[in-house]
Amino acid sequence: MTTRWTRKDLLGLRELSADEINFILETADAFKQVGTREIKKVPALQGKTLVNFFVEPSTRTRTSFELAAFRLSADVINISATSSSLAKGETLKDTARNLEALHADILVLRHSSAGAPQFLAQRLKSSVINAGDGAHEHPTQALLDLYTIRERRGKIAGLDVAIIGDILFSRVARSNIFGLLKLGARVTLVGPSTLVPREFEKLGVEVSHKIDNVLPKADVVNLLRIQHARQRKEYFPGIGEYSRLFGLTKERAKLLKSDCLIMHPGPINRGVEIDSEVADSLQSVILDQVTNGLAVRMAVLYLCGGIAT
Amino acid sequence: MKPGEQNPSAAVPIMDAEAIRSALRRIAHEIVERNTHPERIVLAGIPSRGVELASHIAVFIREIDKIDIETGVIDVAMHRDDVGTRAELPVVRASKLPLPLDQRTVIIVDDVLFTGRTVRAAMDAINSFGRPARIQLAVLVDRGHRELPIRPDYVGKNLPTATGEQIQVRLQETDNEPDAVWLERK
């Protein structure tokens with residue numbers, strides 16, 4: 001392994017090389033082992049301060065970053081949109097500069113605007129980790145998805161991965177597409193044409209509007225959460241119709257190969273994008289994703305936060 | 001690249017493959033003599049060369065005592081005291097020790113003992129797995145210059161050095177070169 005990590009920030013997977021992605025995954029192997037020790041804590045980031053700055057709410061991702069930071073012995077502060085001065089009219093840049101003035105070493109940012117993490121990374125000495133920006137990227141989610149596939153199948157190159165659902169508004173889909181293609185997987189996007197437009201083919205993926213044609217050849221299906229159905233009505237056929245056409249029902253799951261992995265970034269809508277029996281089946285690796293998310297985030301915090309700045 | 005390839009006079013051979021073999025064989029004998037319960041020993045190598053040395057020592061112990069010694073890997077990168085001060089981070093690898101450690105003797109195995117900071121980090125790492133009965137230390141070369149109160153229990157070769165000098169250990173599996181120890185003057 002000749003790659004060395006030199007980045008202070010993790011903004012997206014689009015800018016990373018395949019070697020860098022593999023380096024993060026290999027580093028995560030070491031941190032996953034820490035979770036099995038009697039004392040699940042190492043001093044790697046002792047004395048560092050991490051700020052979880054979540055302008056958009058997310059309990060799951062924030063908690064995962066928080067626990068990852070604890071296990072690396074960093075100190076953690078959580079700031080949410082409502083509790084921050086952003087609600088009082090302060091600009092993002094001023095808020096961030098205030099955090100830096102408090103000697104925050106690592107800033108984990110969730111923001112509704114694409115490019116917000118990059119904006120701050122260019123202006124701050126602190127490490128900036130993108131925890132999801134608009135419909136742009138969610139790199140740690142894609143990394144934990146890649147880690148889970150690699151752990152279960154031993155490789156990523158050559159696998160057929162179907163990503164199903166709201167692709168248009170999904171940063172998880174975008175980061176997954178970049179990561180999977182760089183590591184040599186074939187990617188098929190599946191959903192209604194309003195949510196999976198043909199433009200995505202330019203990225204080097206296949207687009208399909210018929211889930212039943214895709215499931216039989218898939219090695220992995222990654223189901224995305226339907227979350228904008230209420231806000232963006234014009235794109236959705238309606239929840240019931242969506243389930244009928246694109247939900248992974250018990251019946252439809254029979255089309256899958258017996259070793260096909262079923263993934264979901266959570267929180268799952270049982271009965272909408274996935275049936276309960278399918279979500280709890282042996283093929284489902286949804287809870288492995290959660291466990292692996294911790295290891296992957298420890299690796300990212302260690303790599304970005306551990307280098308001298 | 002072999003050490004000192006550009007300037008061969010700068011690298012002095014200290015041990016060849018045979019010298020390393022007999023040093024490890026002697027360490028294996030000492031380990032068996034000093035431990036009344038060799039079956040409780042775990043040889044924990046520090047990656048990468050310590051792991052390779054530990055597996056060689058385990059083979060010698062099997063020849064001497066007809067006993068299979070358990071081996072493990074103890075990675076120290078995430079327990080180091082200099083994270084955040086280096087432009088390049090040490091690569092972290094997964095540690096692996098047989099559990100539980102209670103009643104066991106963990107013998108840390110490394111190629112070169114220098115400041116002692118790596119060994120301190122290794123002891124911290126071992127403690128996060130549990131509480132072994134005792135921890136011992138085996139090294140191929142002790143080059144001096146300790147910065148912590150740490151001493152080895154088993155030494156292949158004592159080699160007093162100047163601070164500017166470097167010890168280069170090359171092992172077949174790790175480096176794809178014949179086993180050898182070199183002293184490099186800067």
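By convention in this document, chain letters (A, B, ...) are assigned in the order of the sequence lines, proteins followed by strands, and residues within each chain are numbered from 1.
Note on ring orientation: taking the six-membered ring where Trp is involved, the planes of F114(B) and H145(B) are perpendicular (angle over 60°, cut-offs 30° and 60°).
At a threshold of 4.0 Å, the pair R143(B)-D111(B) does not count as salt-bridged, since none of the basic side-chain nitrogens sits closer than that to a carboxylate oxygen.
Contact of the S80(A) side chain with the F53(A) side chain is not registered, since no non-hydrogen atoms from C-beta on lie closer than 4.5 Å.
For N127(B), the part lying under 4.5 angstrom from a heavy atom of chain A is the backbone only. Residue contact with chain B, scored on non-hydrogen atoms closer than 4.5 Å, is absent for L72(A). Both the backbone and the side chain of E38(A) come within contact range of chain B, judged by heavy atoms closer than 4.5 Å.
Cation-pi check for R174(A) over F178(A) is not met; the charged atom does not lie both under 6.0 angstrom from the ring centroid and within 45 degrees of its normal.
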